[in-house]
Chemist: 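Just passing along the structure, written as structure tokens.
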Amino acid sequence: MRWSQMHIPTLREDPADAGAPSHRLLVRAGYIRQLMAGHYSLLPLAIRVRVKVMDIIRQEMDRIGAQEMLAPTMHPAEVWQRSGRWDTMAEVMFRLTDHKGAVNVLAVTHEEIFTLLAQELNSHKQLPQAWYQFQTKFRDEPRPRAGLLRVREFTMKDSYTFDLDAAGLDVAFDRHRAAYLRIFERLGIPAIPVEASSGAMGGRDSTEFMCPSSAGEDLVAHCANCGYAANVEKATSALFPVIDADGPVAPERFDTPGVRTIQDLATAYDAPATRQIKTLVYVVDGRLMLVLLRGDHALNEQKLMDAAGAVAVRPAQPQEIREALGALPGSLGAVAVSDLPVVADEALRGRQNMVTGANTDDVHLRGVDVDRDIAVGAWADLREVAAGEPCVRCGHPLELLATIEIGHIFKLGYKFTKAFNITVLNAEGERVHPIMGCYGIGVERAMAAIVESHHDERGIVWPAAVAPFAVVVTIAQVDDPESAKVGESLYEQFAAAGIDVIIDDRDERAGVKFRDAELTGIPVRVTVGKRGLAEGSVEITRRATGETVKVAVADALAHVRDALAGA
RNA sequence: CGGGGUGUAGCGCAGCUUGGCAGCGCGCUUCGUUCGGGACGAAGAGGCCGGGAGUUCAAAUCUCCCCACCCCGACCA
């Protein structure tokens with residue numbers, strides 16, 4: 001390719017509305033342009049990167065025996081009504097009506113469609129199956145952000161496995177997990193596999209692949225010592241033990257005028273947060289529920305959703321709380337509450353001599369024994385891990401990392417094969433439902449994650465495996481016949497050798513071309529100019545290090561190969 | 001959905017307070033000089049000032065309504 005003929009609209013200044021490095025650089029280096037919030041056009045350089053990312057994913061999927069297919073992006077409403085997700089995914093689905101008045105949806109994901117295709121599996125002899133595609137997903141995200149990191153229209157590699165039994169699913173899941181680790185390794189993404197909540201997808205085990213980045217939206221608790229890693233939606237930590245003194249035989253009321261916070265109570269009434277019971281009131285799938293945590297612990301709402309098997313949770317409004325408990329936040333408690341379900345965090349188990357609200361404004365209770373005084377309906381892990389707490393496995397202090405979720409794999413179970421009544425005959429001649437797994441990688445988000453982890457102040461630094469071009473031949477002076485001739489000949493030679501090469505033949509000053517080569521992130525630059533040719537040499541510069549070596553024209557190919565091997 | 005911010009040439013911005021010819025830098029076109037790290041000079045092209053309504057002799061500027069985009073939160077594979 002010739003730079004002079006490609007559409008690579010690099011910008012001299014940073015775009016005003018881009019904050020995240022990947023957003024800023026992909027726009028500035030001429031890879032993407034925004035159409036509207038969450039919808040981007042991919043320009044020629046981006047398409048070249050995308051193809052390489054997809055090829056790597058495809059190779060690894062094929063390697064584990066998965067078969068590529070392609071399902072439609074528009075689906076009839078009826079299919080989603082059958083699975084029950086017409087309602088549960090209502091707020092993220094784009095819906096549209098055709099000329100007959102039939103309602104269709106744009107694909108949010110494709111479990112339903114691939115499950116329908118599995119209708120034609122009849123025998124256990126046809127299992128296992130692993131199917132995948134690269135297909136556009138539409139999600140009506142409430143807040144798209146940061147360029148390609150969170151969009152409303154994107155390409156996903158999604159795969160779906162069908163196995164005869166749980167043991168088979170375990171194998172399929174482990175194969176995908178290994179394939180994903182290889183994919184991210186090849187893409188140059190430092191992915192950390194973490195335990196995750198399955199969220200709205202349902203199912204049991206799920207593993208997310210997270211790329212540490214300040215632009216990330218997910219928090220991961222990570223142990224640098226033993227490698228434990230989990231999304232804070234799922235992460236646990238060890239706790240320093242708390243010894244409770246024996247308390248009174250019954251809770252005692254005491255006045256606490258003006259006290260509204262844990263901190264107020266701790267400082268003014270000698271009640272350290274670790275000895276307080278924090279009482280939160282939540283609306284869980286439409287029902288009020290009391291949520292109890294230790295005073296110094298924070299609730300993770302996803303954990304509450306998982307514990308309650310709920311679809312939606314929200315904090316109750318003050319008037320709802322007053323109607324239910326007779327007091328406002330600041331003086332709430334669960335002692336003697338019998339008409340509302342109570343869920344308590346594990347950290348409160350067995351605690352005694354605690355302090356909590358009395359459900360009368362400006363009054364608290366001391367000497368509360370959790371087992372004796374509170375009708376806990378369910379115990380669950382509800383608290384969000386905090387940085388510095390000891391790792392559950394090894395005790396080393398945990399760190400919290402901001403991360404980008406670049407892949408997610410689920411053991412789905414029987415949800416869809418039962419909903420669509422998909423069965424095969426097993427070896428005994430019985431009808432059984434196959435068990436499913438589903439697995440996703442966001443392609444454009446992966447591209448953004450690569451940029452997030454591979455850039456410097458001059459621009460993008462693509463790993464060679466995904467760079468739009470491996471090499472740029474930069475002719476320092478296009479009007480110098482010798483430079484042009486040598487540049488063209490090296491370009492031909494590299495291309496013939498199978499190297500993805502672009503020649504920068506623009507009639508621009510050398511500095512402009514150097515800057516653009518760096519901004520766009522091409523791993524190796526071969527500079528051809530009068531200065532070097534005077535002594536029969538060209539220069540080879542590695543983008544990642546800036547290191548430049550002079551080599552004889554005849555040796556350029558060998559040196560370029562070396563440089564690429566190390567990029 | 002709540003809070004904050006921004007919409008003026010392809011990009012980055014000033015002008016708005018106090019109404020009076022729509023500007024600057026970059027980029028773009030042509031010519032000349034220059035040319036291995038975002039050159040210089042000269043001459044040009046390029047505008048629904050986000051949209052609508054209103055106030056006024058007069059609106060980019062004041063008022064009202066709407067829309068879009070960005071950020072924080074909520075939410076979300």
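In the text below, chain A, chain B and the rest are named by the order of the sequence lines, each starting its count at 1. Atom set for the values below is all heavy atoms of this structure, side chains included, hydrogens, waters and symmetry mates excluded.
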Chemist: Assess whether one donor atom and one acceptor atom, taken from the side chain of A/R506 and the base of B/rG38, lie less than 3.5 Å apart.
Modeler: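 Between B/rG38 and A/R506, which were checked side chain against base, a qualifying N/O pair under 3.5 Å is absent.
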Chemist: Indicate the ring-plane relationship of A/Y160 and A/F114, choosing parallel, tilted or perpendicular according to the 30° and 60° boundaries.
Modeler: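 Aromatic pair A/Y160/A/F114 classed parallel.
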Chemist: Can you see if the side chain of A/R143 gets near the phosphate of B/rC70 - specifically, an N or O under 4.0 Å from OP1 or OP2?
Modeler: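 No, no such contact exists.
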Chemist: Taking atom C1' in both B/rA60 and B/rC13, compute the distance separating them and give it to the nearest angstrom.
Modeler: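 The same atom, C1', in both gives a distance of 15 Å.
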Chemist: Is there a donor in the side chain of A/D516 and an acceptor in the side chain of A/T10, or the other way round, less than 3.5 Å apart?
Modeler: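 A/T10 and A/D516 do have a side-chain donor-acceptor pair below 3.5 Å.
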Chemist: Starting from the C-alpha separation in whole Å, work towards a yes-or-no answer on side-chain contact (heavy atoms from CB on, under 4.5 Å) for A/V220 and A/L400.
Modeler: CA-CA 5 Å; A/V220 164; A/L400 289 187; over 6 Å; no
Chemist: Taking atom P in both B/rG37 and B/rC71, what distance in whole Å separates the two?
Modeler: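 37 Å, rounded to whole Å.
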Chemist: Taking the six-membered ring for Trp, are A/Y31 and A/W462 ring centroids under 6.0 Å apart?
Modeler: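 Distance test on ring centres: under 6.0 Å, yes.
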Chemist: Select base, sugar-phosphate, or nothing to describe what A/G529 touches, counting heavy atoms under 4.0 Å on all strands.
Modeler: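 Base, at least one base atom sits under 4.0 Å.
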Chemist: Of all the nucleotides listed (B/rG38, B/rC70, B/rC75), which has the minimum atom distance to the side chain of A/E301?
Modeler: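 Out of B/rG38, B/rC70, B/rC75, the nucleotide with an atom closest to A/E301's side chain is B/rC75.
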Chemist: Does A/R445 reach a base, just sugar-phosphate, or nothing at all? Heavy atoms under 4.0 Å.
Modeler: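 No contact at all - A/R445 keeps every heavy atom at 4.0 Å or more from the nucleic acid.
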Chemist: Could you tell me whether A/K157 sits above the aromatic face of A/F134, with NZ or CZ closer than 6.0 angstrom to the six-membered ring centre and within 45 degrees of the axis?
Modeler: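 Because its charged atom misses either the 6.0 Å distance or the 45° angle limit, A/K157 does not stack over A/F134.
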Chemist: OP1 or OP2 of B/rC75 sitting under 4.0 Å from any side-chain N/O of A/Q302?
Modeler: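 Result: no.
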Chemist: Write down the distance between NZ (A/K513) and C1' (B/rA39), rounded to a whole number of angstrom.
Modeler: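 These atoms are roughly 14 Å apart.
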Chemist: Base, sugar-phosphate, or nothing for A/A517, non-hydrogen atoms under 4.0 angstrom?
Modeler: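 Counting heavy atoms under 4.0 Å across all strands, no contact is made by A/A517.
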Chemist: Determine the contact category for A/V512: base if any of its heavy atoms lies under 4.0 Å from a base atom, sugar-phosphate if only primed atoms, P, OP1 or OP2 are that close, otherwise nothing.
Modeler: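 Base, at least one base atom sits under 4.0 Å.
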Chemist: For the base of B/rG2, is there a side-chain donor-acceptor partner from A/R314 under 3.5 Å away?
Modeler: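 Check fails, no donor-acceptor contact within cut-off.
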Chemist: Give none if B/rC69 has no partner; otherwise give the nucleotide forming a Watson-Crick or G-U wobble pair with it, both distances under 3.5 Å.
Modeler: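 Across all strands, the one nucleotide that pairs with B/rC69 is B/rG5.
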Chemist: How would you label the contact of A/G19 with the nucleic acid (heavy atoms, under 4.0 Å): base, sugar-phosphate, or nothing?
Modeler: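 The answer is nothing, as A/G19 stays clear of every strand by at least 4.0 Å.
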Chemist: Check every strand shown and say whether A/M156 touches a base, only sugar-phosphate, or nothing at a heavy-atom separation below 4.0 Å.
Modeler: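 A/M156: base contact, heavy atoms under 4.0 Å.
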Chemist: When rounded to the nearest Å, what value does the distance between P atoms of B/rC70 and B/rC65 take?
Modeler: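 It works out to 24 Å between them.
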Chemist: Using Watson-Crick or G-U wobble geometry with both distances below 3.5 Å, tell me the partner of B/rC64, or none.
Modeler: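 B/rG52 - that is the nucleotide pairing with B/rC64, both distances being under 3.5 Å.
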Chemist: Applying the Watson-Crick and G-U wobble criteria at under 3.5 Å, what pairs with B/rG44? Answer none if nothing qualifies.
Modeler: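 When the pairing criteria are applied, B/rC28 turns out to be the nucleotide that pairs with B/rG44.
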Chemist: Counting side-chain heavy atoms from C-beta on, which of B/rG37, B/rA74, B/rC69 comes nearest to A/F514?
Modeler: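 From the listed options, B/rG37 comes nearest.
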Chemist: Can you tell me if CZ on A/R175 sees more than 12 non-hydrogen neighbours from other groups inside 6.0 Å?
Modeler: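 12 or below, so no.
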Chemist: Should the ring pair A/H75 and A/W80 be called parallel, tilted or perpendicular, given that the plane angle runs from 0 to 90° and is split at 30 and 60?
Modeler: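 Rings of A/H75 and A/W80: parallel, under 30°.
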Chemist: Under 4.0 Å, counting only non-hydrogen atoms across every strand here, what does A/Q34 touch: a base, just sugar-phosphate, or nothing?
Modeler: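 The residue A/Q34 makes sugar-phosphate contact but no base contact.
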Chemist: With a 4.0 Å cut-off on heavy atoms, is A/R152 in touch with a base, just the backbone sugar-phosphate, or nothing at all?
Modeler: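 Counting heavy atoms under 4.0 Å across all strands, no contact is made by A/R152.
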Chemist: Any cation-pi pair here, A/R33 with A/Y40, using under 6.0 Å and within 45°?
Modeler: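 Pair A/R33/A/Y40 does not count as cation-pi.
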Chemist: Does CD belonging to A/E185 count more than 12 external heavy atoms closer than 6.0 Å?
Modeler: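 Open: at most 12 neighbouring heavy atoms sit under 6.0 Å from CD of A/E185.
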Chemist: Which nucleotide, if any, forms a Watson-Crick or G-U wobble pair with B/rC57, using both distances under 3.5 Å?
Modeler: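 B/rC57 is paired with B/rG20.
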Chemist: Polar atoms only, N or O, under 3.5 Å: list the protein pairs with nucleotides 4-14 of chain B and their distances.
Modeler:
| unit_1 | atom_1 | unit_2 | atom_2 | d |
| --- | --- | --- | --- | --- |
| B/rG12 | OP1 | A/A16 | N | 3.4 |
| B/rG12 | O2' | A/E13 | OE2 | 3.4 |

Chemist: Does OP1 or OP2 of B/rA39 have a side-chain N or O of A/R509 closer than 4.0 Å?
Modeler: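 For B/rA39, OP1 or OP2 has a side-chain N or O of A/R509 closer than 4.0 Å.
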Chemist: Could you work out the separation of B/rC69 and B/rU8 based on their C1' atoms and round it to a whole Å?
Modeler: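 Between the two C1' atoms, the distance is 15 Å.
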Chemist: Looking at B/rG38, B/rA74, B/rC35, which one has an atom nearest to any side-chain atom of A/D479?
Modeler: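 For A/D479, the side-chain atoms sit closest to B/rC35.
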Chemist: Of the options B/rC70, B/rC76, B/rC26, whose atoms approach the side-chain atoms of A/R12 most closely?
Modeler: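 When the side chain of A/R12 is considered, B/rC26 is the closest of B/rC70, B/rC76, B/rC26.
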Chemist: Touch check for A/R33, heavy atoms < 4.0 angstrom, all strands: base, sugar-phosphate only, or nothing?
Modeler: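 Nothing: the residue A/R33, judged by heavy atoms under 4.0 Å, touches no strand.
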